[in-house]
Amino acid sequence: MRSLTGLPFQRTHWEALKRIPKGKVTTYGDLAAYLGTKAVRAVGTAVGRNPHALEVPFHRVVRSDGRVGSYSGEGGVRGKIALLASEGVQVRRGRVVDFPEKRHRFV
DNA sequence: AACTTGACAGCAG
DNA sequence: GCTGCTGCCAAGT
């Protein structure tokens with residue numbers, strides 16, 4: 001399906017990603033909900049195949065339970081954790097510390 | 001047009 | 001708390 005703006009699903013959520021403030025994170029589920037879809041898996045697929053990992057903060061997307069999930073960029077999950085840490089989001093044993101607090105809500 | 005893949009979520013054991 | 005199975009939807013082949 002075509003998303004809200006008419007752009008391919010794979011692209012629309014990138015715009016939403018840019019709204020996430022530094023030091024905060026969001027989940028694939030929230031992202032999907034914000035876009036008006038239940039395709040959380042499709043979101044994950046789209047994010048994972050994105051070609052603009054340096055333009056959009058894809059590393060700020062984590063799983064609903066607070067785990068970092070995976071990462072296709074440099075260093076894999078490790079690199080993702082490092083990036084989050086540099087923004088003030090601490091990760092312990094693969095989970096975001098104080099996840100409910102760090103979690104950004106789309107409005 | 002059909003089948004397979006996947007940076008997930010939620011529930012059961 | 002952890003491992004495993006099922007359901008979801010879009011993209012790519």
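We name chains A, B, ... by the order of the sequence lines, and we start the count at 1 in each one. In this text, all values refer to a predicted model and were calculated from it rather than measured experimentally. Quick note: numbers below take in every heavy atom, side chains included, and nothing from hydrogens, waters or symmetry partners.
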> Name the nucleic acid region contacted by A:V61, choosing base, sugar-phosphate or nothing; use a 4.0 angstrom heavy-atom cut-off, strictly under.
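Answer is nothing: A:V61 stays at 4.0 Å or more from every strand.
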> Starting from P on B:dA7, measure out to CZ on A:R49 and report it in whole angstrom.
8 Å
> Looking at A:D65 and A:R95, is there a salt bridge between them, counting it only when a charged N and a carboxylate O are closer than 4.0 Å?
no
> Given the rule that I, L, V, M, F, W and Y join up when any side-chain heavy atoms are under 4.5 Å apart, are A:I81 and A:V97 in one cluster?
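No, it is not one cluster - the side chains of A:I81 and A:V97 are not joined through contacts under 4.5 Å.
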> Select from A:A39 and A:R67 the residue whose nearest nucleotide in DNA chain C is closer to the 5' end of that strand.
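Looking at DNA chain C, the more 5' nearest nucleotide goes with A:R67.
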> Hey, which sits more toward the 5' end of DNA chain B by its nearest nucleotide, A:T45 or A:T27?
A:T45
> Closest approach to the side chain of A:V47, judged atom by atom: which nucleotide of B:dG6, B:dA9, B:dA7 is it?
B:dA7
> Given atom CZ of A:R103 and atom P of B:dA9, what is their separation to the nearest angstrom?
10 Å
> To the nearest angstrom, how far is A:D65 atom CG from C:dG1 atom C1'?
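Computing the A:D65:CG to C:dG1:C1' distance gives 12 Å.
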> Below 4.0 angstrom from OP1 or OP2 of B:dA9, is there any side-chain N or O of A:S64?
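Answer is yes, contact under 4.0 Å.
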> If you check every side-chain atom of A:K80, which of B:dA7, B:dA9, C:dA10 has the closest atom?
B:dA7
> Output the rounded distance in Å from NE2 (A:H13) to P (B:dC8).
12 Å
> Take atom OH of A:Y71 and atom C1' of B:dA7, then tell me their distance rounded to the nearest Å.
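To the nearest whole Å, that distance equals 10 Å.
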> Report the distance from atom CG of A:L35 to atom C1' of C:dA10, rounded to the nearest whole Å.
12 Å
> Report the base-pairing partner of B:dA12 (Watson-Crick or G-U wobble, both distances below 3.5 angstrom), or none.
C:dT3
> What does A:N50 touch in the nucleic acid at a heavy-atom separation under 4.0 angstrom: a base, only the sugar-phosphate, or nothing?
base
> Answer with yes or no whether the side chains of A:Y34 and A:R105 bring together a donor and an acceptor at under 3.5 Å.
no
> In plain terms, say whether A:K24 and A:E87 are close enough for a salt bridge, that is, a side-chain N and a carboxylate O under 4.0 Å apart.
no
> Using atom CZ of A:R63 as one end and atom C1' of C:dT3 as the other, report the distance to the nearest whole Å.
12 Å
> Expressed as a whole number of angstroms, how long is the span from A:I81:CD1 to B:dA7:P?
16 Å
> Do the side chains of A:L83 and A:V25 join up, straight or via other hydrophobic residues, at under 4.5 Å, putting them in one cluster?
no
